[in-house]
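All values below come from the heavy atoms of this structure, side chains included, with hydrogens, waters and symmetry mates left out. Throughout, residue positions are numbered sequentially from 1 according to the sequence presented. Each ligand, and each atom within it, is numbered from 1 in the order the structure gives.
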Amino acid sequence: MRIGILTGGGDCPGLNAVIRSVVRTATTQYGSSVIGFRDGWHGLLEDRTTPLDVAAVDGLLTRGGTTLGSARVAPAKLHAGLDTMKEVLAAHGVDVLVPIGGEGTLTAAHLLSEAGVPVVGIPKTIDNDIDGTDLTFGFDTAVSIATEMIDRLHTTAESHQRVLLVEVMGRHAGWIALHAGLAAGAHLTLVPEEPFDVDEVVRIVCERFSRGDSHVIGVVAEGAAPLPGQMPLRDGGVDEFGHRRFTGVAQQLGAELERRTGKEVRATVLGHVQRGGTPTSFDRVLATRFGLHATIAAHDGKVGQMVALRGTEIELVPLAAAVARLKTVTPSRLAETGAFTG
Ligand code: F6P
């Protein structure tokens, strides 16, 4: 068998561990071969490939990023290039395609699958917002990095009796904010799923200082927004993928808080540092297991599916179900922070 593999969307720690896992499992367990397509779907649209054997994946387990390169491709380009992609796959003798990616990549994988291409998807994203899997690799690493950064901000905030707002990634889902906030003892957690009440944030900040607390740490997901009419955020327009361009919610909320509380506020945007560097051991294991089980599924002819973590086991879920909706933070998970914030 010949497996084609690509990594799409924003990169995340653990992608290289999956590539290594697929290559090692395919070659050593099945005597199969693997070809890599470069820069996400561009590799298929423009026939850009790289051979992948055991030597090529040596040392990849611990390395962040993706050795195949990654990119976002607009859905219209994918629809228009469907026939080209099928021809390129046929020309390289690919029997099963294994795309590794988040919502956009898996939606494209579903499109190809519907068009008759045998596909086994692998979910990745630091955002942890893919439905059908308990976790995606990359998330644990991002939360660990954000937690360490917030731990550090506690001490400097304390020294200066300041409010520190930490903006973390999370366009539609606040999982990183929720977990890093709990892990690092944040006093406020603001997520995209629930518009925040600026008056309530002001109240919490004032109350903490008036009862003698030394500082306030707030974790703010980049996609968080205030209740309508309270504090309009600057409009950054939309990008070519239809995504709203963020204009820095932490910074803007910080200015409002400074004005209304008289306290010094600083905003720290963690940005892409959350996606860089080596994966945690948890993510290395999850990525390795995803790669292993995707390769087994490909050889068993179980296509049109995505590998998923369910409890402690790796299972297969239909791609159609996995991309039907995003997995966002539920009100009950958000309510769990209640005892530790404020
Ligand atoms: O989807 C992962 C993610 O890191 C989001 O959390 C973030 O909004 C986005 O990618 C950033 O994308 P880019 O790397 O294109 O700036």
Output the list of atoms in ligand 1 that are nearer than 4.0 Å to some heavy atom of R275, sorted by atom number. 3 (C), 4 (O), 9 (C), 10 (O), 11 (C), 12 (O), 13 (P), 14 (O)
Heavy atom of G170, distance to ligand 1 below 4.0 Å: yes
Once you restrict to heavy atoms under 4.0 Å, what part of Q274 touches ligand 1? Side chain, backbone, both or neither. neither
From CZ (F290) to NZ (K124), nearest 0.5 Å: 13.0 Å
Please determine whether the number of non-hydrogen atoms from other residues, nucleotides or ligands lying under 6.0 Å from atom CD of E193 exceeds 12. yes
Flag yes if more than 12 heavy atoms outside R289 fall under 6.0 Å of its CZ atom; otherwise flag no. yes
Parallel, tilted or perpendicular: which describes the rings of H187 and H154, with under 30° parallel and over 60° perpendicular? perpendicular
Should you measure from each heavy atom of R72, which atoms of ligand 1 turn up under 4.0 Å away? 1 (O), 9 (C), 10 (O), 12 (O), 13 (P), 15 (O)
Counting only heavy atoms, which portion of I126 has something under 4.0 Å from ligand 1: side chain, backbone, both, or neither? side chain
What protein heavy atom sits nearest atom 16 (O) of ligand 1, and how far away is it? H272 NE2, 3.1 Å
Main-chain N/O of V265 paired with R162 side-chain donor or acceptor, under 3.5 Å: no
Among D129, D127, V168, closest by any non-hydrogen atom to atom 6 (O) of ligand 1: D127
Among all protein heavy atoms in this structure, tell me which lies nearest to atom 8 (O) of ligand 1, with the distance rounded to 0.1 Å. E222 OE2, 2.5 Å
OG1 of T328 to CG of N128, rounded to nearest 0.5 Å, is 11.0 Å
